Amino acid sequence: MRQVIAIWRREMTACFLSPVAYVTLVAFLGVSGFTFWLACFRNEGNPEPVSVLLCGSLMFWLPIMITVVAMRLFVEEKRSGTIETLLTAPVTEGQIVLGKYLGAFTFLLLALVPALAYPFVLERLSPALTLENLDLGALLGASVVTVLVTGTFLAIAVVASLTTRNQIVAAICTFFMLWLALLGGWLLGESHGVPAVLADGLSITRHIDVFSRGTLEIRPIVFHVTLTGLLLFTAVRMLESRRWK
Amino acid sequence: MEITPEQKPGPEGRSDAAGNSLRADHDRRQARRALWRQRGRRTTSGLNVVLAVALATVLVVMLNYAAYRYFPQRWDLSSRHFFALSDKTMNMLHETRGEVHLITLFESKMVLGDEIRRLLDAYVYAASSINGLDIIVESVDPDRDLVRTRELTETYDVTEPNVVVVVLGGRHKVIADKDFVDYERLIDSSAMAQGQLRVEQKKRGFQGEQMISSAIQGLAQSQRPLVYFLTGHGERDIEEFSKSPGYAAIARALRRDNMDVRPLLLAEGGRVPEDGSALVIAGPDRRLSDAEVARIGEYLDRSGRVLLLTDPGTATGLERLMETWGVKLGRDVVVGLTLTGRELFVREYGDHPITKSLSGVVTMFYAPRSVEALEEAGATERGAADRPRVTPLAITREGWAEFSPGQNPARFDEGTDRAGPVSVAVAVERGVAGGLQMGLRPTRLVVVGDSDFVSNGALQGGVGGNSDFMLNVVNWLVDREELMAIPAKAPMDLRLDMDERQARAAFVLLTVALPLTAAVFGLMVWFARRR
């Protein structure tokens with residue numbers, strides 16, 4: 001556990017000292033805040049809860065944010081050759097993957113925290129919006145699904161980061177896979193027959209919709225947690241296989 | 001490597017050359033072996049990764065399947081509980097057995113589609129914890145699934161898109177999208193002064209649960225209620241499609257509400273058949289024989305259910321029978337403040353299960369007669385507990401009871417006419433006292449002073465409440481009123497009501513201030529590192 005914490009701290013520090021991460025953070029907060037502002041004004045008079053609009057605004061830009069944060073996770077180590085040092089250090093591959101994943105995850109969560117203030121800013125300024133209209137339960141649901149989806153997406157990005165030595169290739173792969181995960185789920189939900197049944201469990205857009213309306217379900221939680229675990233396990237095995245090559 | 005004749009060594013160097021050649025061969029073999037070993041390791045490690053990930057994937061699939069199959073639990077944290085089902089619905093579902101198919105036939109642009117799908121999802125979730133009940137939802141897009149749409153049209157008599165078909169035990173009910181929304185219909189009085197009828201619809205609530213639960217409950221009943229329409233005295237014809245006298249439209253609406261509708265010639269059969277759930281006497285313009293009136297009276301005494309729609313200026317012979325049930329049929333015409341005076345808009349309803357869902361809905365009657373409760377109804381003949389309870393259903397305050405029907409335009413004559421409030425429809429119930437059911441089945445009677453209000457023409461051009469009023473009446477008569485009272489859920493539309501200054505402040509805070517804070521933090525870190 002000490003090793004995991006050491007790697008986590010190193011990764012966190014790298015994130016917070018990196019100008020790229022700050023530029024990404026500022027851009028993410030700017031565009032997601034603007035999207036939320038626009039969504040609220042365009043949906044005035046419609047029965048859309050604020051929590052759904054908030055979740056939608058964040059999810060739209062989340063793939064870009066995750067891509068930028070995660071693309072350097074392993075690619076940078078490989079490019080600079082420090083991966084060999086890391087692999088020969090007295091840490092297991094599992095500890096390396098977990099430490100790096102948790103470091104990036106913590107940075108992403110800290111970046112998402114200011115976005116939670118968006119609805120309360122509106123509530124302070126709007127004469128018609130009250131705390132009851134905001135529906136704190138639904139906001140909690142929106143927060144839970146944002147954490148779950150962020151965790152899953154980051155795990156996808158970790159695997160993508162292990163497949164190549166080039167940051168641009170890693171970024172393109174990650175971005176493509178994250179949007180495929182979002183759009184694929186949406187397409188499943190729009191289809192009929194067996195895909196529609198699968199969509200109930202697999203569609204990330206459906207999970208976002210259900211949770212951001214204030215309903216917590218066990219199935220999507222199991223889906224996201226197990227998928228994240230599977231992806232991290234894949235990342236560990238991929239890293240281990242380097243020893244044998 | 002090949003050795004050319006020029007490179008061939010002399011006899012003295014022959015053994016060295018052979019040694020070199022052997023070493024080179026050996027090195028080549030070694031290098032080839034190393035290459036194959038490396039390739040083999042790569043393939044083995046690659047296979048190892050693939051195999052391990054495949055096994056882990058199987059485990060993940062199994063876990064998710066188990067969660068999908070055995071852990072459907074969910075928690076509604078929202079304060080609105082918009083899609084949570086009421087206790088009434090849950091009780092009804094616990095008593096329902098079988099497989100319920102909910103088929104949505106929605107166009108992609110349908111406004112309420114998502115709301116209704118989420119509601120149906122709540123039904124599926126509720127059924128997942130009830131043994132013996134299975135609820136399956138099927139979504140059909142009429143623009144894409146042409147074959148399935150045709151099947152639905154043929155099987156379930158679906159004539160328009162944007163409906164939900166509820167199927168249970170071979171019976172079905174079709175619910176149109178407009179029925180899912182509770183509208184407040186407001187009459188534009190300025191337009192009415194100019195002789196135009198303009199009704200504004202304002203969305204007041206979402207009554208999806210009421211519609212779906214009522215449909216399931218109705219279909220779960222062992223038999224489809226059979227409603228007889230009396231014939232032989234100039235009554236409205238349920239097979240007649242013409243605009244004014246025809247009743248084909250309302251008969252169709254009743255069939256779609258999972259009821260059977262059949263004409264009845266009372267003179268032939270002797271008495272009202274036992275298989276009938278209710279008898280409708282719709283606008284007779286000739287007198288019924290005394291024997292027929294007596295049979296209807298007997299039927300009522302046998303806990304019968306009767307709906308009488310009677311127009312002004314007609315003597316049907318049922319007036320005396322109605323009086324014994326505490327109902328007085330006025331010899332007048334109730335007129336309102338419309339340009340022609342013929343239409344009477346009713347917005348006020350009595351407190352009754354029939355009218356619970358009609359609050360704010362306008363029902364338009366066409367020159368009805370007054371129908372009111374007789375004071376001390378039946379008190380002399382019956383005990384207080386067995387006395388018929390008469391409840392006014394539709395009341396006008398602005399209108400009045402006109403006793404000079406020929407007057408044109410109609411005006412209120414002090415001393416001759418009677419000012420509002422005047423009732424034009426009443427519900428009578430006997431066998432229920434103080435909310436307690438005294439007999440096994442109470443007698444129920446509804447009397448409306450107009451039969452035009454649900455004619456084909458009225459339903460086509462009416463303001464919308466007429467059909468709801470009639471369906472509610474018949475549902476109450478056939479004991480399907482229980483779920484009618486599930487209240488509609490008020491839509492909580494997003495309201496900001498910001499002025500320009502507030503909107504600008506929100507824009508600055510959301511898109512500039514928060515990112516700027518992060519930027520300042522980043523700059524501080526950068527400066528700290530430089531130092």
Side-chain angles (χ1 to χ4, degrees), chain A residues 16-17 19 22-23 25-27 29-30 33-34 36-37 40-41 43-50 53 111 114-115 117-118 121-122 125-129 132-133 135-138 140-141 192 196 200-201 213-219 222-223 226-227 229-230 233-234 237-238 240-241 244-245, chain B residues 38 41-42 44-46 48-49 52-53 56-57 59-60 63-64 67-68 71-83 114-115 118 121 138-141 145 206 491-498 502-503 505-507 509-512 514-519 521-523 525-526 529:
Chain A
F16 277 104
L17 295 181
Y22 277 103
V23 171
L25 177 58
V26 170
L29 289 176
F34 175 72
F36 177 69
W37 178 83
C40 286
F41 279 89
N43 281 289
E44 192 169 3
N46 294 338
E48 281 297 341
V50 174
L53 301 177
Y118 294 170
V121 169
L122 268 194
L125 290 168
S126 161
L129 200 62
E132 194 196 346
N133 296 144
D135 199 340
L136 297 180
L140 179 65
H192 303 287
D200 192 44
R213 285 171 198 277
T215 307
L216 294 195
E217 281 186 40
I218 283 194
R219 292 163 180 175
V222 171
F223 170 73
T226 53
L227 183 60
L230 175 67
F233 175 75
T234 308
R237 300 302 297 180
M238 284 169 77
E240 268 178 1
S241 72
W244 307 102
K245 285 180 181 172
Chain B
Q38 198 181 359
R41 269 206 308 272
R42 276 188 182 173
T44 315
S45 69
N48 185 285
V49 171
V53 171
T57 307
L59 186 69
V60 165
L63 275 172
N64 277 278
Y68 184 81
F71 298 99
Q73 284 83 353
R74 57 165 71 165
W75 300 273
D76 188 1
L77 304 179
S78 69
S79 56
R80 299 171 61 190
H81 300 295
F82 197 80
F83 296 105
D114 286 340
E115 254 92 349
R118 284 185 201 111
D121 191 39
E138 181 190 354
S139 300
V140 179
D141 184 339
D145 308 328
F206 179 67
M492 281 180 73
D493 294 345
L494 179 63
R495 290 264 164 247
L496 298 174
D497 293 345
M498 286 184 178
Q502 288 165 326
F507 177 80
L509 277 171
L510 291 173
T511 61
V512 181
L514 278 170
L516 205 64
T517 314
F521 188 68
L523 283 173
V525 172
W526 185 64
R529 287 195 75 201

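If you're wondering where the values come from, they're calculated on a predicted model, not measured in any experiment. Chain letters run A, B, ... following the sequence lines, proteins first, then strands; residues in each count from 1.
Both the backbone and the side chain of A:Leu216 come within less than 4.5 Å of a heavy atom of chain B. Only the side chain of A:Leu53 comes within contact range of chain B, with at least one heavy atom under 4.5 Å from a heavy atom of that chain. Looking at A:Leu122, both its backbone and its side chain come within 4.5 Å of chain B, counting heavy atoms on both sides. Within the 4.5 angstrom heavy-atom criterion, atoms from both the backbone and the side chain of A:Phe223 approach chain B. Looking at A:Phe233, only its side chain comes within 4.5 Å of chain B, counting heavy atoms on both sides. Within the 4.5 angstrom heavy-atom criterion, no atom of B:Trp526 approaches chain A. The contact between A:Val121 and chain B is made entirely by side chain atoms (from C-beta outward), counting heavy-atom distances below 4.5 Å.
Residues A:Glu44 and B:Asp497 form a side-chain contact, since some pair of their non-hydrogen atoms from C-beta on lies under 4.5 Å apart. Contact of the A:Phe41 side chain with the B:Leu494 side chain is not registered, since no non-hydrogen atoms from C-beta on lie closer than 4.5 Å. Two residues are said to be in side-chain contact when any heavy atoms from C-beta on lie closer than 4.5 Å; B:Leu59 and A:Leu230 fail this criterion. A 4.5 Å side-chain heavy-atom check between B:Met498 and A:Leu129 finds every atom pair outside the cut-off.
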B:Val512/A:Phe34 under side chain to side chain contact (heavy atoms under 4.5 Å, CB included): CA gap, chis, key distance, verdict: CA-CA 9 Å; B:Val512 181; A:Phe34 175 72; over 6 Å; no

For B:Val60 and A:Leu227: C-alpha separation, side-chain torsions, deciding distance, then whether side chain to side chain contact (heavy atoms under 4.5 Å, CB included) applies. CA-CA 7 Å; B:Val60 165; A:Leu227 183 60; 5.6 Å; no

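Chain A forms more heavy-atom pairs under 4.5 Å with one residue of B:Thr517, B:Asp114, B:Leu514, B:Leu516 than with any other, namely B:Leu514. Ranking A:Thr215, A:Asp135, A:Leu29 against chain B, the residue ahead of the rest is A:Asp135, based on heavy-atom pairs under 4.5 Å. Interface check for chain A: of the options B:Phe521, B:Phe71, B:Phe507, the most heavy-atom pairs under 4.5 Å are formed by B:Phe507. Contacts with chain B were tallied for A:Asn43, A:Leu136, A:Val26, A:Val23; A:Val26 has the most, counting heavy-atom pairs under 4.5 Å. Considering only heavy-atom pairs separated by less than 4.5 Å from chain B, the leading option among A:Ala138, A:Gly30, A:Ala115, A:Gly141 is A:Gly30. Of the listed residues (A:Ala117, A:Pro19, A:Gly33, A:Ala128), the one with the most heavy-atom contacts under 4.5 Å to chain B is A:Ala128.
Scanning all heavy atoms of the two residues, the minimum distance from B:Leu77 to A:Leu140 falls at CD1-CD2, 3.7 Å. When every heavy atom of A:Cys40 is checked against every heavy atom of B:Leu496, the shortest pair comes out as O-CD1, 3.8 Å. The minimum heavy-atom distance linking B:Pro72 with A:Arg219 is given by the pair CB-NH2, 3.2 Å. Between A:Arg237 and B:Ala52, the closest heavy-atom pair is NE-CB, 3.6 Å. Shortest non-hydrogen contact noted between B:Val525 and A:Phe16 is CG1-O, 3.7 Å.
For the atom pair A:Trp37 CH2 and B:Leu509 CG, the distance stands at 12.5 Å (nearest 0.5 Å).
Checked by atom type and distance alone, the side chain of B:Gln502 pairs as donor or acceptor with a backbone atom of A:Leu125 at under 3.5 Å.
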